[in-house]
There are 2 protein chains.
Amino acid sequence: MTIKEVAEKFDMTNDTLRYYEKVGLVGPVKKNSSGIRDYSEEDLKRIEFIKCMRSAGISIEVLKKYVDLYDEGESTKLERQHLLEEEQDKLEEKIKTMTEALEKLKYKIELYKTNKLDEYL
Amino acid sequence: MTIKEVAEKFDMTNDTLRYYEKVGLVGPVKKNSSGIRDYSEEDLKRIEFIKCMRSAGISIEVLKKYVDLYDEGESTKLERQHLLEEEQDKLEEKIKTMTEALEKLKYKIELYKTNKLDEYL
DNA sequence: TTATCACTTAGAGTCTAGTCTAAGTCAATA
DNA sequence: TATTGACTTAGACTAGACTCTAAGTGATAA
C-alpha cells in the first residue's frame, strides 16, 4: 500500500505518516526499487493502533517507548503492560475531568436557554 | 487577592495568570498603588470557568471569543449560547473518541494479563 | 521526447499554550 | 542602610506535534 492510500485510509496526511516513521513509531517501512514506500499489513496495524491512541491524547513519547519495548521482545512484556496500565489511569482521569467540564457547560447552556443567566461570564 | 494566592487556589502558575490577562481572557485586573494585581471576585469566577474549560481542551481562541462576546453585552446572548453549544458537541465527540480508545486500551491490557498476546504491537 | 505527477529527502517553519529571562520597583526586615 | 523577596514589564524561548519547502528522482501520458 502506498503512502497516499494509507493516508486516505486513516484520514491523515502523508507528512504525518513520514513523521511517525522518522520518530520511529512506525516502520521502517519497506521501499520498492524506486525508493517508494510500500506499507505492510503490520505497518497498517501499528498505524491504526497509534492513531487510536493519539486520538486519546497519548503522547508520541509514550507511544515511542511502547513501540521500542515491543521491538525488544518478550522480556519487556510486563513493562509494556505497566506502561499501558498507567496510560489507562491517565486516560480515565482525563475523561472524568472532561465529563465534569461537559456537565458545567451543559448547565451554563441551560441557563442561556431558560434566560436565567444573570451570572458572571 | 494577589496573583500568588490565586495561582495557589487554582493550582496554576503566576505566568499562566499573567498570560491569560495578556491575551484578554481575564481582567484587566485591578492594581494597587504599587502596581500589584488585586484579583476581584469576578476575576476569580472567570478564572475558575476558564480553567475548567481549558481542562476540557477548549482552546484559548474560543474562550477569548466567548469572553469578548460577553463583554459586548446582552445583544450577544444568542451567539454566546451557540458558541457554547458548538463546544458541547465537540466535547461530547472528544469524550466518545477517548472512551473508545480507553476500551481498546483495556482490551489490550486484558490480553497482556491473560497472556493471550500473540498480536501486533 | 518532453512534461507532468507522485513520490523522495533534509531540514526549516508553524501553531498553541505556556514558561522563562532580564531588568526594574517596592516594602519589609537585619 | 542594605539586602531580601515578591512583585512588575516586555519580550525571548520552549515543547509537542505536526506541516511545509526546496530540490531531486522516476514512471507514465501527450
Side-chain angles (χ1 to χ4, degrees), chain A residues 1-40 43 46-47 49-68 87 90-91 94 97-98 101, chain B residues 1-40 43 46-47 49-68 87 90-91 94 97-98 101:
Chain A
M1 221 175 184
T2 68
I3 196 169
K4 199 189 177 194
E5 288 164 345
V6 177
E8 270 160 19
K9 183 176 167 71
F10 293 113
D11 189 32
M12 49 207 299
T13 68
N14 300 10
D15 276 326
T16 301
L17 283 168
R18 283 196 210 95
Y19 171 68
Y20 284 178
E21 189 173 346
K22 183 156 73 178
V23 299
L25 271 189
V26 181
V29 177
K30 221 185 74 197
K31 308 212 182 145
N32 72 14
S33 53
S34 315
I36 299 210
R37 286 177 179 75
D38 179 18
Y39 287 83
S40 71
D43 292 331
R46 281 204 184 197
I47 292 166
F49 177 69
I50 284 162
K51 210 213 157 182
C52 177
M53 294 303 118
R54 284 293 302 130
S55 76
I58 295 178
S59 75
I60 284 187
E61 191 184 1
V62 166
L63 291 173
K64 168 71 173 148
K65 171 102 200 192
Y66 179 72
V67 164
D68 285 352
E87 292 311 307
K90 283 196 223 161
L91 191 44
K94 236 190 295 181
T97 303
M98 291 175 74
Chain B
M1 220 177 187
T2 68
I3 196 168
K4 199 189 178 193
E5 288 164 344
V6 178
E8 268 159 19
K9 181 177 169 68
F10 293 113
D11 189 32
M12 49 207 300
T13 68
N14 300 11
D15 276 325
T16 300
L17 284 167
R18 284 195 209 97
Y19 171 67
Y20 284 178
E21 189 173 349
K22 184 158 70 179
V23 298
L25 272 188
V26 180
V29 177
K30 222 185 71 197
K31 308 214 182 145
N32 73 13
S33 55
S34 314
I36 299 211
R37 286 177 179 76
D38 180 18
Y39 287 82
S40 71
D43 292 331
R46 282 205 182 196
I47 291 166
F49 177 69
I50 284 160
K51 210 213 157 183
C52 178
M53 294 304 119
R54 283 293 304 130
S55 75
I58 294 178
S59 74
I60 283 187
E61 191 183 1
V62 165
L63 292 172
K64 168 71 172 148
K65 170 102 200 192
Y66 179 72
V67 164
D68 286 352
E87 292 312 308
K90 283 196 225 163
L91 191 43
K94 236 191 295 181
T97 303
M98 291 174 74

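Note that these values count all heavy atoms, side chains included, but never hydrogens, waters or copies made by symmetry. Lettering of chains follows the sequences in order, A, B, ..., and the numbering in each one begins at 1. A quick note: this is a predicted structure, and the numbers were derived from the prediction, not measured.
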(request) Go along nucleotides 17-23 of chain D 5' to 3' and tag each nucleotide: B for a protein heavy atom under 4.0 Å from its base, S when only backbone or sugar atoms are that close, - otherwise. (result) BBBB---

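Atom CZ of B/Arg18 is separated from atom C1' of C/dG18 by 13 Å (rounded to the nearest Å). Protein atom CD of B/Glu21 is 14 Å distant from nucleotide atom P of D/dC7, rounded to whole Å. For the pair A/Asp38 CG and C/dT8 P, the interatomic distance rounds to 11 Å; values are reported in whole Å. In this structure, the CD1 atom of B/Ile36 is 18 Å from the P atom of C/dG24, given to the nearest Å. The nearest whole Å value for the distance from the CG atom in B/Asn32 to the C1' atom in D/dT8 is 11 Å. Nucleotide D/dT9 holds its P atom 12 Å from the CG atom of B/Asn14, rounded to whole Å. Between A/Tyr39 atom OH and C/dT8 atom C1' the separation is 12 Å, expressed in whole Å. What separates NZ of B/Lys51 from P of C/dA17 is a distance of 16 Å, to the nearest Å.
Between the side chain of A/Asp43 and the backbone N or O of A/Ser40 there is at least one donor-acceptor pair closer than 3.5 Å. Remark: the backbone N or O of A/Asp38 is not paired with any side-chain donor or acceptor of A/Lys31 at under 3.5 angstrom.
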(request) Just do the salt bridge (charged side-chain N to carboxylate O under 4.0 Å, His left out) check on A/Arg18 and A/Asp15 with the steps written out, would you? (result) CA-CA 5 Å; A/Arg18 283 196 210 95; A/Asp15 276 326; 3.6 Å; yes

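Residue A/Asp11 qualifies as open at atom CG: its count of foreign heavy atoms under 6.0 Å is 12 or below.
Looking at heavy-atom distances under 4.0 Å, B/Arg37 makes contact with sugar-phosphate atoms alone, never a base.
Close to D/dT9, at under 4.0 Å from its OP1 or OP2, lies a side-chain N or O of B/Lys31. Residue A/Ser34 places no side-chain N or O under 4.0 Å from the OP1 or OP2 atom of D/dT25.
Using a 4.5 Å heavy-atom cutoff, the side chains of A/Glu21 and A/Tyr39 are in contact. The side-chain heavy atoms of A/Met98 and B/Leu91, taken from C-beta on, include a pair separated by under 4.5 Å.
Residues satisfying the salt bridge (charged side-chain N to carboxylate O under 4.0 Å, His left out) criterion with B/Arg54, sequence neighbours excluded, are absent altogether.
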